[in-house]
Participant: 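I have a structure here, written as structure tokens, and I will follow up with some questions on it.
Below, chain A is the first sequence line, B the second, and so on; all start at residue 1.
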There are 2 protein chains.
Amino acid sequence: MTSSIPVGLLGALDPTSDRAVFRQIADQLREAIDKGRFKEGEKLPSEADLVEHYGVSRMTVRNSFSILQGEGLVHSEHGRGVFVRPRPPVRRLASDRFSRRHREQGKSAFIVEADAAGSKPEVDSLEVKEERASHDMSARLGSVRRVLARRRRYLLDGRPVEFATSYLPLDLARNTPIAQPNPGPGGIYARLEELGHHLDHFDEEIRARMPSPAEVKTLRLAAGVPVIHLIRTAYDTEGRAVEVCDTVMAADAYVLSYQLPAT
Amino acid sequence: MTSSIPVGLLGALDPTSDRAVFRQIADQLREAIDKGRFKEGEKLPSEADLVEHYGVSRMTVRNSFSILQGEGLVHSEHGRGVFVRPRPPVRRLASDRFSRRHREQGKSAFIVEADAAGSKPEVDSLEVKEERASHDMSARLGSVRRVLARRRRYLLDGRPVEFATSYLPLDLARNTPIAQPNPGPGGIYARLEELGHHLDHFDEEIRARMPSPAEVKTLRLAAGVPVIHLIRTAYDTEGRAVEVCDTVMAADAYVLSYQLPAT
DNA sequence: CAGTGGTCTAGACCACTGC
DNA sequence: CAGTGGTCTAGACCACTGT
């Protein structure tokens with residue numbers, strides 16, 4: 001059987017090059033993807049095809065794929081093939097997403113926004129429980145010992161995109177609607193204000209890193225997809241930290257956007 | 001020769017487990033690192049050690065290392081060994097970093113801040129040239145055809161941490177100090193204001209992803225380190241976009257921080 | 001020099017997919 | 001069933017590091 005790779009899509013190796021063979025193959029595949037010769041979702045030549053085309057061993061080809069996988073360019077499906085990873089639709093988080101006017105609706109911001117974007121939103125694995133505050137959380141909340149933790153996972157069209165935990169000082173949240181699985185319209189920020197904790201501002205800290213194995217599982221992350229780790233602290237008008245929300249997001253599903261005054 | 005791996009640091013494989021051998025080895029190494037049994041910067045057992053300890057082939061061990069490398073937990077040095085990747089000091093970018101008071105100093109914000117943090121700052125590969133605007137840049141700057149591009153790379157203690165390009169409409173920047181390699185105290189934002197473009201606000205868009213091969217080279221990134229891609233647009237009081245700054249940062253070197261009003 | 005990781009081969013058997 | 005990727009072996013030779 002002759003090679004099933006169309007001529008011109010992939011070139012030949014340069015035996016005089018210092019560059020390792022598997023890197024050269026990865027380079028050629030990457031270039032072909034970048035130039036659109038293999039499109040999103042399209043299947044790449046099989047390992048056997050490439051073994052034949054380049055005259056190398058299978059491990060060499062697999063090494064090339066593993067580079068591209070680490071770059072987040074392709075993903076493999078057992079028994080099916082290796083595919084160009086499609087760019088999923090991204091969720092844009094604007095810096096006014098917690099403004100009061102957004103809280104005046106019955107549904108949560110996540111649901112409203114996803115509906116508007118034509119995606120099917122879901123929230124699952126809701127857990128609300130009292131815990132000992134971690135060292136870091138205690139520092140952020142002002143030497144609090146015990147906290148109410150609200151954990152939930154967000155999905156769009158069946159795909160998990162975000163996992164978030166809110167921590168609130170226990171003395172503030174216990175025996176309030178905040179301790180209910182569903183805190184009601186406007187979410188916990190609306191409830192906090194009703195309880196007299198008028199929100200003044202939020203601090204957000206943003207990091208990016210590769211996910212832990214647990215995060216890979218929870219967010220069903222493909223290889224080569226980092227996470228955005230966002231830690232938001234909400235302060236009331238008296239300067240007290242009333243909530244810390246720790247959020248891990250699939251980086252390929254988000255664009256964060258902020259507006260800064262130029263004063 | 002008996003194994004050089006201290007007993008207790010690493011366990012045995014579970015032959016009844018469905019989990020692939022190389023994943024089990026990676027799990028054990030990861031756990032040992034997480035628990036501090038191997039500390040930052042410390043050398044892991046050599047491939048040969050692990051081959052002997054687990055009774056597997058070398059490729060199996062290398063597969064384990066490659067998992068940990070993808071997670072950003074370890075890095076290898078040819079001829080020396082595989083090491084636990086140290087967490088480098090991070091640069092904190094606050095959302096008030098462009099406030100006018102920060103512009104009143106003679107040095108750039110980067111230099112001032114790094115000095116304060118006790119790091120040695122450098123700026124290199126400065127390039128200033130006129131270019132055709134990319135499609136995206138043209139849209140951001142309001143249908144501009146040609147731009148002035150200012151490219152530079154930032155280093156801390158010899159390590160590249162950030163690569164940034166500023167784009168300005170050519171009609172605005174040509175024949176001004178902004179087109180000089182060194183635009184003077186306060187940087188180009190101070191010059192823009194002197195030219196009558198009073199800054200009103202900035203928009204920042206944040207993404208995280210794995211780096212391209214070019215970015216790996218420019219930022220000398222280790223395996224398993226994502227980049228933060230920040231696109232900032234500066235608007236003057238007339239609502240005109242006067243600059244777009246496209247920045248790629250080594251994610252392990254940064255924490256971004258924003259303050260949002262709760263209005 | 002010995003010890004380390006980097007690259008590569010040529011197989012083997014397995015598990016999953018889709019016809 | 002054939003075709004695909006997933007795992008694993010047992011070698012080989014090379015390039016780099018440090019003594």
Participant: Under 4.0 Å between a Lys/Arg side-chain N and an Asp/Glu carboxylate O for R232(A) and D246(A)?
Facilitator: no
Participant: Output yes when E162(B) and R152(B) qualify as a salt bridge under the 4.0 Å nitrogen-oxygen rule, no when they do not.
Facilitator: no
Participant: Which class fits the ring pair F110(B) and Y154(B): parallel under 30°, tilted 30 to 60°, perpendicular over 60°?
Facilitator: tilted
Participant: Quick check: on DNA chain C, is the nucleotide nearest A48(B) upstream (toward 5') of the one nearest V56(A), or the reverse? Name the residue that is more 5'.
Facilitator: A48(B)
Participant: Rounded to whole angstrom units, what separation is found between the OH atom of Y54(A) and the C1' atom of dA10(C)?
Facilitator: 21 Å
Participant: Apply the salt bridge (charged side-chain N to carboxylate O under 4.0 Å, His left out) test between D252(B) and each candidate in R85(B), R87(B), R91(B); give the one that qualifies.
Facilitator: R85(B)
Participant: Any donor-acceptor pair under 3.5 Å linking the side-chain atoms of D136(A) with those of S134(A)?
Facilitator: no
Participant: Can you check the E47(B) CD to dG3(C) C1' distance for me, whole Å?
Facilitator: 11 Å
Participant: Looking only at side-chain N and O atoms, does R23(A) come under 4.0 Å of OP1 or OP2 in dG6(C)?
Facilitator: no
Participant: Side-chain N or O of R80(B) less than 4.0 angstrom from OP1 or OP2 on dG5(C)?
Facilitator: no
Participant: Is the count of non-hydrogen atoms from other residues, nucleotides or ligands lying under 6.0 Å from K43(B) atom NZ greater than 12?
Facilitator: yes
Participant: Convert the base pairs of DNA chain D into dot-bracket notation, remembering that pairs crossing earlier ones are written with [ ] and that bases paired across to another strand are shown as |; include only Watson-Crick or G-U pairs under 3.5 Å.
Facilitator: ||||||||||||||||||.
Participant: Grab the CD-P distance between E77(A) and dG3(D) for me, whole Å please.
Facilitator: 20 Å
Participant: Are side-chain heavy atoms of R37(B) and E31(B) found at a separation under 4.5 Å?
Facilitator: yes
Participant: For D49(B) and dA2(C), give me the distance from atom CG to atom P, rounded to whole Å.
Facilitator: 18 Å
Participant: Rounded to the nearest Å, what distance is computed from the CG atom of residue D18(B) to the P atom of nucleotide dT7(D)?
Facilitator: 12 Å
Participant: Where along residues 57-74 of chain B does a heavy atom fall under 4.0 Å from DNA chain C?
Facilitator: R58(B), M59(B), R62(B)
Participant: Could you check how far CZ of F22(B) sits from C1' of dC14(C), rounded to whole Å?
Facilitator: 14 Å
Participant: Report the distance from atom CD of E52(B) to atom C1' of dA10(D), rounded to the nearest whole Å.
Facilitator: 17 Å
Participant: Using every non-hydrogen atom in the two residues, find where V216(A) and P211(A) come nearest and quote the distance to one decimal.
Facilitator: CG2-CG, 3.6 Å
Participant: Looking at R92(A) and E113(A), is any side-chain nitrogen of the basic one under 4.0 Å from a carboxylate oxygen of the acidic one?
Facilitator: no
Participant: Under 4.0 angstrom, heavy atoms only, what part of the nucleic acid is R19(A) near: base, sugar-phosphate, or nothing?
Facilitator: nothing
